[in-house]
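Inspection log for the structure reproduced underneath, given as structure tokens.
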Amino acid sequence: MLKQIKKVLAVGVIVGLFSACVGVDPQGRGYSVAIPMGMINSTLAQGFPVEEKVSYGIVSGTLNVETPNVLGQAGDDKLGVGTAFKFTNFLIPDGINGSVNLASGVSYDANSKNLYLAKPMVNEIKFQNFSLAKHLTPEMRNAIGMVIAETIAKKPIYNLNKSGNIATGLVRGIDVRNGQVFVTFGL
């Protein structure tokens, strides 16, 4: 009984801290707390910019990925993620700049208490100078998009421990609803 009271108090503290962002989970798992996009973007920014090697067939190069920006999409169960990049190789030493837009869900690692983007999918990839981009095969362009998506998915977007959250053991679900990331706590 005392253990349950402590859990209820822990949930109460969380509810008090995030009272403006708290609601009942639609699936009945407990109380849901919205994580502000500013905190998500701040956490994600700590891991960028990143330089990755890209290789597809005989074509290889270096991909510099700038800091991504995560946006909620009203009425959607996916997050929008956008970032800029620069691809360089021996054929294009000055590089090709571009941008990529992704759609992603969210996943939770209970061991590290980190949230990650889950299975980001490339919606659109744009190259600023298409006359240079024509030197890349369509497969290489797709590979660039997938490397960017995988790179971003490896970086945590939020950590429940660092947020001062004392009820991390009570997490019942992580999901995106109406363009916001929600953590659901319950007993």
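Numbers here simply count residues along the sequence, with the first being 1. Worth knowing before you read on, the calculation uses all heavy atoms, side chains too, and leaves out hydrogens, waters and symmetry mates.
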Quick one: does [X]'s side chain get under 4.5 Å of [Y]'s, heavy atoms only?
X      : Y      : answer
Leu71  : Met37  : no
Thr67  : Leu44  : no
Tyr158 : Val181 : no
Asp175 : Asp77  : no
Lys113 : Val171 : no
Tyr108 : Leu160 : yes

Thr62: which of Lys53, Lys86, Glu52 passes side-chain hydrogen bond (donor to acceptor under 3.5 Å, both in side chains):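 So, applying the side-chain hydrogen bond (donor to acceptor under 3.5 Å, both in side chains) to Thr62 and each of Lys53, Lys86, Glu52, only Lys53 qualifies.
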Any side-chain to backbone donor/acceptor pair from [X] onto [Y]? Under 3.5 Å, distance only.
X      : Y      : value
Asn178 : Gly72  : no
Ser42  : Gly38  : no
Thr184 : Ser32  : no
Ser104 : Lys119 : no

Considering all heavy atoms of both residues, which atom of [X] and which atom of [Y] are nearest to each other, and what is their separation?
X      : Y      : result
Phe185 : Arg172 : C-CG, 4.2 Å
Asn114 : Pro156 : CG-CB, 3.8 Å
Leu102 : Asn123 : C-ND2, 3.9 Å
Arg177 : Phe182 : NH2-CB, 3.0 Å
Ile92  : Ile96  : CD1-CD1, 3.4 Å
Ala103 : Lys78  : CB-CB, 4.4 Å

Value rounded to 0.5 Å, distance of [atom1] in [X] from [atom2] in [Y]:
X      : Y      : atom1 : atom2 : result
Leu117 : Lys155 : CG    : NZ    : 12.5 Å
Glu51  : Thr88  : CD    : OG1   : 7.5 Å
Thr151 : Met146 : OG1   : CE    : 10.5 Å
Ile174 : Ser107 : CD1   : OG    : 9.0 Å
Asn101 : Asn69  : CG    : CG    : 10.5 Å

Can you hop from Tyr116 to Val106 via hydrophobic side chains spaced under 4.5 Å?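 No; Val106 is not reachable from Tyr116 via cluster members.
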In the single-linkage hydrophobic clustering (I, L, V, M, F, W, Y; side-chain heavy atoms under 4.5 Å), do Ile35 and Val81 co-cluster? yes
Does Phe85 have its ring centroid less than 6.0 Å away from the ring centroid of Phe127?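 Yes.
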Start with the C-alpha gap between Ile157 and Thr43, add the side-chain angles, then the distance that decides, and say whether side-chain contact (heavy atoms from CB on, under 4.5 Å) holds. CA-CA 5 Å; Ile157 62 169; Thr43 302; 5.6 Å; no
